[in-house]
A.B. asks: 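Dropping the structure in here first, questions after.
Below, each value reflects all heavy atoms present in this structure, side chains not excepted, and no hydrogens, waters or symmetry copies.
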Amino acid sequence: MNYKIILLLIGSVLIAACSSVSSPPQTSGSAPVANAGRYSISQDRAPSTPLDPGLIRDVELLPLNRTMAGNRSPYTVNGKRYQVMATEEGFQQTGLASWYGEKFHGHLTSNGETFDMYQVSAAHTGLPIPSYARVTNLENQRSIIVRVNDRGPFHNDRIIDLSYAAAHKLGFSNQGTALVHVESIVPGQHQVLLAGASPRSDEAVSAPAVSAPVGRYLQAGAFSDLRAAQRLSGRLRELTTRPVFIRSVQAQNSQQLHRVRVGPIADATEIERITEMMVAADLGQPYMVDE
């Protein structure tokens with residue numbers, strides 16, 4: 001056989017072999033991915049297998065064990081630089097939430113855990129990993145606690161990416177986004193009461209500035225600085241005749257978070273009116289809480 005033909009055949013085999021080798025996989029479940037070959041589907045979607053709401057477990061607040069996995073700071077995605085917070089204490093944010101599902105199911109999150117779209121988790125660009133946050137859907141007032149274990153969403157118009165199960169519990173899994181309020185939770189420092197739960201034995205809740213009956217309240221803000229909470233309370237008392245009070249949560253380490261609340265308020269029209277007044281007065285976007 002002609003040597004030139006043999007060499008041409010060998011070269012063709014080598015080129016074909018190289019073209020079939022995929023790039024190394026990335027480790028972020030919600031980051032934009034240049035290597036589309038990592039995923040079996042190109043576009044994200046809801047689960048092909050129906051979600052069983054009864055199998056969705058509530059997030060349990062456990063002591064946090066953080067490593068450098070997922071916490072490298074600063075980091076850059078699509079030319080934009082992001083900073084991981086030194087601490088999540090007192091963090092609040094209002095904006096659009098999105099969800100991610102089957103495309104990322106079974107792949108690794110930013111800290112090396114396996115993403116499970118059937119359970120509650122979240123991705124955030126700046127919160128330390130792992131961390132906990134309460135997410136409230138401001139369109140229907142549903143609220144859940146999520147565990148942040150991934151980075152994203154890297155879209156300018158969104159603040160948090162939720163697992164499909166978390167979006168389902170918040171009532172927006174059938175739509176792309178929802179307006180939400182995100183409030184960080186630090187285990188052992190903040191009292192977090194769910195239905196039927198009682199305060200942990202290692203936490204003590206200080207008495208509110210005024211009596212706060214059981215009901216629905218507008219939470220206007222939360223501050224580590226009591227003076228900032230008092231300033232906001234004073235502004236709110238100028239806007240409404242409803243009770244305005246500060247509920248402070250204190251742990252054994254004496255660190256406190258001071259939550260400014262208005263209420264109780266039973267009438268939906270009044271809730272909307274007070275909310276609009278606060279927004280117009282540049283006092284932020286309040287959200288509903290139940291006690």
A.B. asks: Would you say D58 and V120 make side-chain contact, with heavy atoms under 4.5 Å?
C.D. replies: no
A.B. asks: Would you find a donor on one side and an acceptor on the other, under 3.5 Å apart, between the side chain of Y82 and the backbone of G152?
C.D. replies: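 No; judged by distance alone, with no hydrogens or angles, the pair does not exist.
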A.B. asks: Name all residues meeting the side chain to side chain contact (heavy atoms under 4.5 Å, CB included) criterion together with P53; count only those two or more places apart in sequence or in a different chain, and write none if there are none.
C.D. replies: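 For P53, the residues satisfying side chain to side chain contact (heavy atoms under 4.5 Å, CB included) (neighbours in sequence not counted) are H168.
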A.B. asks: Within a strict 4.5 Å, meaning less than it, do heavy atoms of the L51 and Y118 side chains meet?
C.D. replies: yes
A.B. asks: Looking at side-chain heavy atoms only, is the closest gap between P130 and R66 below 4.5 Å?
C.D. replies: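 Yes, side chains in contact.
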A.B. asks: Can you say whether the rings of F115 and Y100 are parallel (under 30°), tilted (30 to 60°) or perpendicular (over 60°)?
C.D. replies: parallel
A.B. asks: So, N140 side chain and L170 main chain: donor-acceptor pair closer than 3.5 Å or not?
C.D. replies: yes
A.B. asks: Any idea which heavy atoms bring N137 and G171 closest together, and the distance?
C.D. replies: ND2-C, 4.5 Å
A.B. asks: In this structure, would L62 and V146 fall into the same cluster of hydrophobic residues linked by side-chain contacts under 4.5 Å?
C.D. replies: yes
A.B. asks: Taking N78 for the side chain and K80 for the main chain, is one N or O donor matched with an acceptor at less than 3.5 Å?
C.D. replies: no
A.B. asks: For the backbone of D157 and the side chain of H155, can you confirm whether one donor and one acceptor N or O come within less than 3.5 Å of each other?
C.D. replies: no
A.B. asks: Please report the shortest heavy-atom distance between F91 and M85, naming the atom on each side.
C.D. replies: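 Residues F91 and M85, closest heavy atoms: CE1-CE, 3.2 Å.
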A.B. asks: Do T114 and L108 touch side chain to side chain, with heavy atoms closer than 4.5 Å?
C.D. replies: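 Yes, side chains in contact.
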A.B. asks: Under 3.5 Å, is there a donor-acceptor pair between the side chain of R147 and the main chain of S131?
C.D. replies: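 No.
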A.B. asks: Answer yes or no: are there more than 12 heavy-atom neighbours, outside N174 itself, under 6.0 Å from its atom CG?
C.D. replies: yes
A.B. asks: What is the distance from atom CG of L138 to atom CG of L96, rounded to the nearest 0.5 Å?
C.D. replies: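 One finds 10.5 Å between CG of L138 and CG of L96.
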A.B. asks: Return the minimal non-hydrogen interatomic distance between I185 and E88, and the atom names on each side.
C.D. replies: O-OE2, 4.4 Å
A.B. asks: Mind checking whether Y75 and F154 have parallel, tilted or perpendicular rings, split at 30° and 60°?
C.D. replies: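 Perpendicular: the ring planes of Y75 and F154 meet at over 60°.
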A.B. asks: Strictly by modelled atom types, are Q219 and H181 linked by a side-chain donor-acceptor pair under 3.5 Å?
C.D. replies: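 Result is no, nothing qualifies.
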A.B. asks: Rounded to the nearest 0.5 Å, how far does OG1 of T94 lie from CD1 of I159?
C.D. replies: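 The CD1 atom of I159 sits 6.5 Å away from the OG1 atom of T94.
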A.B. asks: Please test M117 against E102 for side chain to side chain contact (heavy atoms under 4.5 Å, CB included), starting from the C-alpha separation and ending with a verdict.
C.D. replies: CA-CA 7 Å; M117 65 179 169; E102 190 163 21; 4.0 Å; yes
A.B. asks: Could you tell me the separation between the CG atom of L162 and the NE2 atom of H124, rounded to the nearest 0.5 Å?
C.D. replies: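 Between L162 CG and H124 NE2, I get 10.5 Å after rounding to 0.5 Å.
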A.B. asks: H105 versus Y164: any side-chain heavy-atom pair under 4.5 Å?
C.D. replies: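 In short, these two side chains do not touch, never coming nearer than 4.5 Å.
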A.B. asks: Output the distance between atom OG1 (T67) and atom CG (N111), rounded to the nearest 0.5 Å.
C.D. replies: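 So the OG1 of T67 and the CG of N111 are separated by 7.0 Å.
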A.B. asks: Distance check, rounded to the nearest 0.5 Å: T109 atom OG1 versus D116 atom CG?
C.D. replies: 11.5 Å
A.B. asks: L218 and P286: which non-hydrogen atoms are nearest, and at how many Å?
C.D. replies: CD2-CB, 4.0 Å
A.B. asks: Anything under 3.5 Å between a donor and an acceptor, one on a side chain of residues 270-280, the other on a protein residue two or more places apart or in another chain? List them.
C.D. replies:
from	atom 1	to	atom 2	distance (Å)
E270	OE1	R242	NE	3.4
E270	OE1	R242	NH2	2.9
E270	OE2	R242	NE	3.0
T275	OG1	I271	O	2.8

A.B. asks: Under 3.5 Å, side chain of S110 to main-chain N/O of R151, donor-acceptor pair present?
C.D. replies: yes
A.B. asks: So which atom in R158 and which in S98 form the shortest heavy-atom distance, rounded to 0.1 Å?
C.D. replies: CD-OG, 3.4 Å
A.B. asks: Answer yes or no: is there a donor N or O on one side and an acceptor on the other, between the side chain of Q119 and the main chain of L55, under 3.5 Å?
C.D. replies: yes
A.B. asks: Ignoring hydrogens and geometry, is there a side-chain-to-backbone donor-acceptor pair from S163 to S121 under 3.5 Å?
C.D. replies: yes
A.B. asks: If I compare all heavy atoms of I265 with all of V262, which pair ends up nearest, and what's the gap?
C.D. replies: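 Heavy atoms of I265 and V262 come nearest at CD1-O, 3.9 Å.
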A.B. asks: Less than 4.5 Å apart, any side-chain heavy atom of L239 and any of L283?
C.D. replies: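 Yes, side chains in contact.
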A.B. asks: Could you give the distance from CD1 (I160) to OG1 (T177), rounded to the nearest 0.5 Å?
C.D. replies: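 The CD1 atom of I160 sits 13.5 Å away from the OG1 atom of T177.
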